[in-house]
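A short write-up of the structure that comes next.
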Amino acid sequence: VKKMAIRKIQTIAGINGAFANIYRDSDYQEYVVRFHFAPPIGYVKEADYFTNDKEDAIACANHVIGGN
């Protein structure tokens with residue numbers, strides 16, 4: 001059984017309790033941004049963003065979440 005090789009590298013805090021976690025997936029050689037919004041919304045899987053560029057992942061997270 002192959003283990004998923006994904007590791008959280010950063011969390012971007014946003015407004016109203018929203019945040020984005022940025023992960024590095026070494027199996028696919030890409031970054032994944034997962035968005036979490038204030039309840040009752042929570043994690044939105046359909047909004048996951050995939051890119052091979054770390055700076056792109058960080059910029060996307062900041063843009064969507066409204067982080068600094």
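Computation of the quantities below employed the complete heavy-atom set of this structure, encompassing side-chain atoms and omitting hydrogens, waters and symmetry-equivalent molecules. As the structure is a computational prediction, the values presented were derived from the model and not from experiment.
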Quick one about Asp56 and Tyr49 (side-chain donor to acceptor, distance below 3.5 Å, no hydrogens or angles considered), yes or no? yes
Using a 3.5 Å distance criterion without hydrogens, assess whether the side chain of Thr51 forms a donor-acceptor pair with backbone atoms of Ala57. no
Does a sphere of radius 6.0 Å around CZ in Phe50 hold more than 12 heavy atoms from other residues, nucleotides or ligands, not counting ones at 6.0 Å or beyond? yes
Does some side-chain heavy atom of Lys8 sit less than 4.5 Å from a side-chain heavy atom of Arg24? no
Working for side chain to side chain contact (heavy atoms under 4.5 Å, CB included), residues Ile58 and Gln10: CA-CA 8 Å; Ile58 293 168; Gln10 189 170 351; 3.4 Å; yes
What pair of heavy atoms forms the shortest contact from Ile15 to Gly66, and how long is it? CG2-O, 4.3 Å
Which pair of non-hydrogen atoms, one from Phe19 and one from Ala13, has the smallest distance, and what is that distance? CB-CA, 4.3 Å
CD on Glu30 to CG on Asp25, rounded to 0.5 Å: 5.5 Å
All heavy atoms of Ile22 vs all of Tyr31, minimum pair found to be CG2-CD2, 4.5 Å
Of all heavy-atom pairs linking Phe35 and Ala61, the shortest is CE2-CA, 3.9 Å
Would you kindly check if the NZ (Lys) or CZ (Arg) of Arg34 is within the cone defined by 45 degrees around the ring axis of Tyr23 and under 6.0 Å from the six-membered ring centre? yes
Inter-residue atom distance Ile65.CD1 - His36.NE2, 0.5 Å rounding: 8.5 Å
Qualifying residue for side chain to side chain contact (heavy atoms under 4.5 Å, CB included) with Ile12, from Val64, Asn62, Asn21: Asn62
